[in-house]
2 protein chains.
Amino acid sequence: MAPASPTFSPLYRQIKSLMMQALESAEWRPGQAIPSEQELAARFGVSQGTVRKAIDEMAAENLLVRKQGKGTFVASHNDPRALFRFLRLVPEDGDLSHPVSLPLECWRAKAGQEASRVLAIEPGEPIIIVRRLLKFSSKPVVVDEIYLPGEIFQGLSLEVLQSWSGSLYSLFEARFGLRMIRAEERIRAVAADRATADILKVKEGVPLLSVERVTYTYGDRPVEWRRGLYSTAEHYYLNELN
Amino acid sequence: MAPASPTFSPLYRQIKSLMMQALESAEWRPGQAIPSEQELAARFGVSQGTVRKAIDEMAAENLLVRKQGKGTFVASHNDPRALFRFLRLVPEDGDLSHPVSLPLECWRAKAGQEASRVLAIEPGEPIIIVRRLLKFSSKPVVVDEIYLPGEIFQGLSLEVLQSWSGSLYSLFEARFGLRMIRAEERIRAVAADRATADILKVKEGVPLLSVERVTYTYGDRPVEWRRGLYSTAEHYYLNELN
DNA sequence: CAGTGGTCTAGACCACGTA
DNA sequence: ACGTGGTCTAGACCACTGG
């Protein structure tokens, strides 16, 4: 008898993967509209409903944004709705003012054991390390140390960082064509060391949140590794469990 | 001219809300199969596709679980897949053994300011407080203090807790007909007090994760407030950002 | 085999945004 | 008025499960 197909893939998933290619190859760029459902149906030779289901899934994954009456757009970190997608820290009082990013340092180095493992590059390959401070209402709350593959982020410097007014990820998107689509955070409680305590204006030894984040772009490629130390005296990390 | 309808609600959402009623009224119980899509379509007088879309949304919200060839089931906390839906703590080494819950105390009290606010009950109304320890591979890792509305949890006692082998929420579901469907966690870093340090076998003052959780049942009714203190020496809190 | 959910189609009509 | 996404229908066929 014929062997059961072990890898049945419905049409709409094949369409989806074609559309993913259009994203990865930058045929469709962040912020831009993609072709209408009718056009895509014609282009792929399927019905509108099938294209629709592919788009539905991609919208659910925050890759596309549908706007009734206007069209379907490639998600962008410039979109105000995406700004807080990765920052879960919230002020105790309901202060809504945007946090401000202050780049402190930016230097080059070679990947050590841990960085190479996390970023899936060879040990010794160039990386870029950024240190920056995050302020809420002028108060220092987060110190981040960010590790980036040098290969991808050529030309990144403290000047570039300081002259950019938007979020880090919108800079990465605009300047390096890199869209962050998913991240994992590992959270622990640690005691503030001397240097960090000074920057965050807390006492040495105060408990801080240690937030390690690995961020992925298309194809689950890790492209950022960062460790943040969060002062939780007047802020907390908010997580919604569904 | 006719006023524009300010509250347009598509058919499938109306169907969805009818199905939500069937859940809340316990017409359909956790673990049981709901009627087939065909039957529901007939019952509500709509096409199968419309029922389908309602079910799709509810499945996305973890209220229902579809099983091809078998039917659609009401989600249950007894389902092994649901066990880790609310516990995000993970051992540093990939140890997969289930954590064990050890109830320590259970007593009655009257709701204070904070408890009444969070649980949306009147100050002075009866509440039940549970303290319990969570062990991973026989090591104490989490101390929880859990506040429950006495109204709902009548008959809850230390004996009941100790004689239950499953998760807390599966107990709540089986014994009190309460299904937890959503939660918010507020996370901070704090120093271990003496009592907690003793229980978790760490030194006083060690940084711990403070995890405050409010859990909601159908209709966004808060029915649990708990505060956990997590030792993150050999474990971390894992959060996936999409 | 019958029954369930899963996919795909084609067509009609509605709501929204823009011009 | 037109084009977009959003809803709804009816029907055909496929994949999976269990008797």
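This one's a predicted model, so the numbers in the text were calculated from it and none came from an experiment. Below, chain A is the first sequence line, B the second, and so on; all start at residue 1. Quick note: numbers below take in every heavy atom, side chains included, and nothing from hydrogens, waters or symmetry partners.
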Establish, with yes or no, whether the OP1 or OP2 oxygen of [N] is under 4.0 angstrom from a side-chain nitrogen or oxygen of [X].
X       : N     : value
A/Lys70 : D/dG5 : no
A/Arg52 : D/dG5 : no
B/Thr50 : D/dT9 : yes

Rounding to a whole Å, what distance do you find between [X]:[atom1] and [N]:[atom2]?
X       : N      : atom1 : atom2 : result
A/Tyr12 : D/dC13 : OH    : P     : 21 Å
A/Leu11 : D/dA15 : CG    : P     : 12 Å
B/Gln48 : D/dG11 : CD    : C1'   : 10 Å
A/Asp56 : C/dG6  : CG    : C1'   : 15 Å
B/Gln38 : C/dG5  : CD    : C1'   : 10 Å
A/Gln14 : C/dT7  : CD    : C1'   : 12 Å
A/Ile15 : C/dT7  : CD1   : P     : 14 Å
B/Lys16 : D/dT7  : NZ    : P     : 12 Å

Open item on the list: Is it the case that the ring center of A/His235 lies less than 6.0 angstrom away from the ring center of A/Tyr230?
Closed with: no

Open item on the list: Under 4.0 Å between a side-chain nitrogen and a carboxylate oxygen: does that hold for B/Lys16 and B/Glu61?
Closed with: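 Salt bridge present between B/Lys16 and B/Glu61.
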
Task: Aromatic B/Tyr216 / basic B/Arg182 pairing, under 6.0 angstrom, 45° off normal - done: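 Verdict for B/Tyr216: a cation-pi partner in B/Arg182.
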
Options [options], nucleotide nearest the side-chain atoms of [X]:
X       : options              : answer
B/Ser47 : D/dT9, D/dA15, D/dT7 : D/dT9
B/Glu37 : C/dG6, D/dC8, D/dG6  : C/dG6
A/Lys53 : C/dT7, C/dT4, C/dT9  : C/dT7
B/Thr72 : C/dG5, C/dT9, D/dT4  : C/dG5
B/Pro10 : D/dT4, C/dG5, D/dT7  : D/dT7
B/Arg66 : D/dT7, D/dT9, C/dG5  : C/dG5

Task: Parallel, tilted or perpendicular: rings of A/Trp225 and A/Tyr147 (30°, 60°) - done: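 It falls in the tilted class, 30° to 60°.
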
- [ ] Give me the ring orientation class for B/Phe172 and B/Phe153: parallel if the planes are under 30° apart, tilted from 30 to 60°, perpendicular past 60°.
- [x]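 Geometry flag for B/Phe153 against B/Phe172: perpendicular rings.
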
Open item on the list: Under 4.0 Å, heavy atoms only, any strand: does B/Gln68 hit a base, just the sugar-phosphate, or nothing?
Closed with: base

Open item on the list: Which is more 5' along DNA chain C, the nucleotide nearest A/Gly69 or the one nearest B/Ile55? Just name the residue.
Closed with: B/Ile55

